[in-house]
> 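Here you go, one structure.
For clarity, every value in this text was computed on a predicted model and none was experimentally measured.
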Amino acid sequence: LTLIDLHPESEHSTILNALNHIRKQGSVIGETLMLTASGKLFHTEVSSSLVDPKLLLIQAIFRDISDRKELETKLRESEQQFRSIIETANDGVLIADQQTRKFFYSNPAISNILGYSKEEFSNMGVENIHPTDQLERVFAAFERQSRGEACDEDLPCQCKDGSVIYCHISVSVISIDGRPYSVGFFRDMSDIRSMSEQISQNDKMQAIGQLAGGIAHDFNNYLTGIIGYAERIRRKSDDPAHQKTAKQIKGVAQSLAELNNKLLTFARKAQFVAKPFDAHQLIRDLISLLEHTIEKKILLTCQLEASNYII
């Protein structure tokens, strides 16, 4: 057998180049593929040196590195899988040097959330993405998480356009080339916070509706009595002045009753009935009400010009 016979055909040119290098330089160290007697390929690390230049005697020491190569392959595959997962994640990811707090890596999602490009993040640090007056709070939360403590609060983040949003940030510590780095996972909580505020507002409106319904229900009892007494005065008195006053009292009470029914409708305690109404008359009634409630120095003018004012 010759040296060439110990290697697959794909390595022959590399071996010949290595032999020429040994003749000129005296030694060479490298990696190559070799063949077993059964024809199986395996990785080797070769250290070769020229023993006798005249006889061209070469000494070569081979070390099987198949296990190391297999491990390197698995590590590369694992790294590619990790990068693929992080690059396509919906949550933003930032990796920062723990000592300098400068960003080492950013994924596309965090660019979508905060508005900075990957190139911009590479020149930024943790202090650049949080409001200045909130940095102490943010760093304290990160410190608690690095010690393994739970941190459920949403933290403020400052976007490129200057707006502030709240993100749920989870931080863990990893080692890269023996140096500690913080990995932050950012989840934009804007939609959830908005929904929570909306639910809170709905709860408030429901409480107001229940309060209004209770008041309107009691008020309706009083109005019924007022309208009854006004009608009784109108029927029993022959005095025109009393008749006019009773009519005015009844008219005002009936107006209040209509308003009361609207409160009950708002409180969802009365059935809503849709019917045509006069928009002009609605405006006149509103102005009449405002004239008795706003300051006297404010002058109200009404200009009704709609041709179709029945809605």
Side-chain angles (χ1 to χ4, degrees), residues 71-72 74-211:
L71 179 59
E72 289 175 354
K74 289 181 178 179
L75 286 174
R76 280 196 301 270
E77 291 175 352
S78 177
E79 181 182 355
Q80 290 171 358
Q81 291 174 354
F82 173 79
R83 182 174 291 274
S84 176
I85 292 172
I86 295 300
E87 288 287 317
T88 58
N90 292 325
D91 289 346
V93 178
L94 284 171
I95 301 178
D97 188 308
Q98 273 204 328
Q99 295 179 4
T100 65
R101 289 178 175 166
K102 298 300 180 183
F103 293 129
F104 170 77
Y105 168 82
S106 63
N107 75 336
I110 194 65
S111 294
N112 294 333
I113 294 173
L114 298 182
Y116 295 101
S117 67
K118 193 176 187 70
E119 291 71 23
E120 288 173 319
F121 273 121
S122 65
N123 296 312
M124 296 169 60
V126 177
E127 68 278 2
N128 300 125
I129 63 167
H130 299 283
T132 305
D133 59 346
Q134 296 291 320
L135 285 176
E136 185 175 349
R137 171 192 170 192
V138 170
F139 290 146
F142 290 167
E143 181 64 26
R144 291 196 299 274
Q145 289 196 21
S146 67
R147 294 196 302 265
E149 299 177 18
C151 181
D152 293 330
E153 61 179 323
D154 298 338
L155 298 174
C157 296
Q158 189 160 341
C159 301
K160 184 177 180 179
D161 61 7
S163 62
V164 176
I165 63 172
Y166 281 81
C167 293
H168 187 82
I169 307 174
S170 299
V171 178
S172 59
V173 180
I174 62 173
S175 178
I176 302 177
D177 295 332
R179 191 178 180 90
Y181 285 82
S182 296
V183 182
F185 295 87
F186 292 69
R187 177 165 295 180
D188 186 358
M189 303 299 290
S190 300
D191 291 341
I192 296 177
R193 289 173 70 91
S194 176
M195 188 180 302
S196 177
E197 291 173 1
Q198 184 177 355
I199 292 173
S200 177
Q201 183 66 20
N202 289 341
D203 290 342
K204 291 179 182 177
M205 292 301 293
Q206 184 177 2
I208 293 173
Q210 291 175 350
L211 177 61

> Can you see which heavy atom on Val171 is nearest to which on Ser182, and at what distance?
CG1-CB, 4.1 Å
> Contact between Ile165 and Ile113 at the side-chain level, heavy atoms closer than 4.5 Å - yes or no?
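Yes, close enough: below the 4.5 Å cut-off.
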> As a quick check of understanding, evaluate side chain to side chain contact (heavy atoms under 4.5 Å, CB included) for Met124 and Glu119, giving each step before the final call.
CA-CA 9 Å; Met124 296 169 60; Glu119 291 71 23; over 6 Å; no
> Would you confirm whether Lys118, through its side chain, and Ser111, through its main-chain N or O, come within 3.5 Å as a donor-acceptor pair?
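Between the backbone of Ser111 and the side chain of Lys118 there is no qualifying donor-acceptor contact (under 3.5 Å).
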> How long is the span from the CG atom in Asn90 to the CZ atom in Phe186, to the nearest 0.5 Å?
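So the CG of Asn90 and the CZ of Phe186 are separated by 16.0 Å.
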> Name all residues meeting the side-chain hydrogen bond (donor to acceptor under 3.5 Å, both in side chains) criterion together with Arg187; count only those two or more places apart in sequence or in a different chain, and write none if there are none.
Asp91
> Taking C-beta and beyond as the side chain, do Cys157 and Ile169 meet within less than 4.5 Å on heavy atoms?
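Yes, their side chains come closer than 4.5 Å.
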> Quick one: salt bridge (charged side-chain N to carboxylate O under 4.0 Å, His left out) partners of Glu120, sequence neighbours excluded?
Lys160
> Main chain of Ser84, side chain of Thr88: is a donor-acceptor contact present, judged purely on distance under 3.5 Å?
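Yes: the side chain of Thr88 pairs with the backbone of Ser84.
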> Quick check for you: to the nearest 0.5 Å, what is the distance between Ile174 atom CD1 and Ile95 atom CD1?
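It is 4.5 Å, given to the nearest 0.5 Å.
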> Out of curiosity, Cys167 SG to Ile129 CD1, how far, rounded to the nearest 0.5 Å?
8.0 Å
> Test of understanding: with salt bridge (charged side-chain N to carboxylate O under 4.0 Å, His left out), list the residues that count as partners of Asp188, not counting sequence neighbours.
none
> Identify, with sequence neighbours excluded, every residue that meets side-chain hydrogen bond (donor to acceptor under 3.5 Å, both in side chains) alongside Asp97.
Arg179
> Both conditions, 6.0 Å and 45 degrees, for the charged tip of Arg101 above the ring of Phe139: are they met here?
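So Arg101 does make the cation-pi contact.
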> In Å, rounded to the nearest 0.5 Å, how long is the span from CZ of Phe142 to CG of Leu135?
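That separation rounds to 9.5 Å.
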> What ring-ring contact (aromatic ring centres under 6.0 Å, His included) pairs are there with at least one residue in residues 104-129, not counting sequence neighbours?
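Every pair satisfying ring-ring contact (aromatic ring centres under 6.0 Å, His included) with a residue in residues 104-129: Phe103-Phe121, Phe104-Tyr181, Tyr116-Phe121.
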> Would you list the pairs meeting side chain to side chain donor-acceptor pair (under 3.5 Å) in which at least one residue belongs to residues 129-143, sequence neighbours left out?
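Counting only pairs at least two positions apart or across chains, the side chain to side chain donor-acceptor pair (under 3.5 Å) contacts touching residues 129-143 are Gln134-Arg137, Arg137-Glu153.
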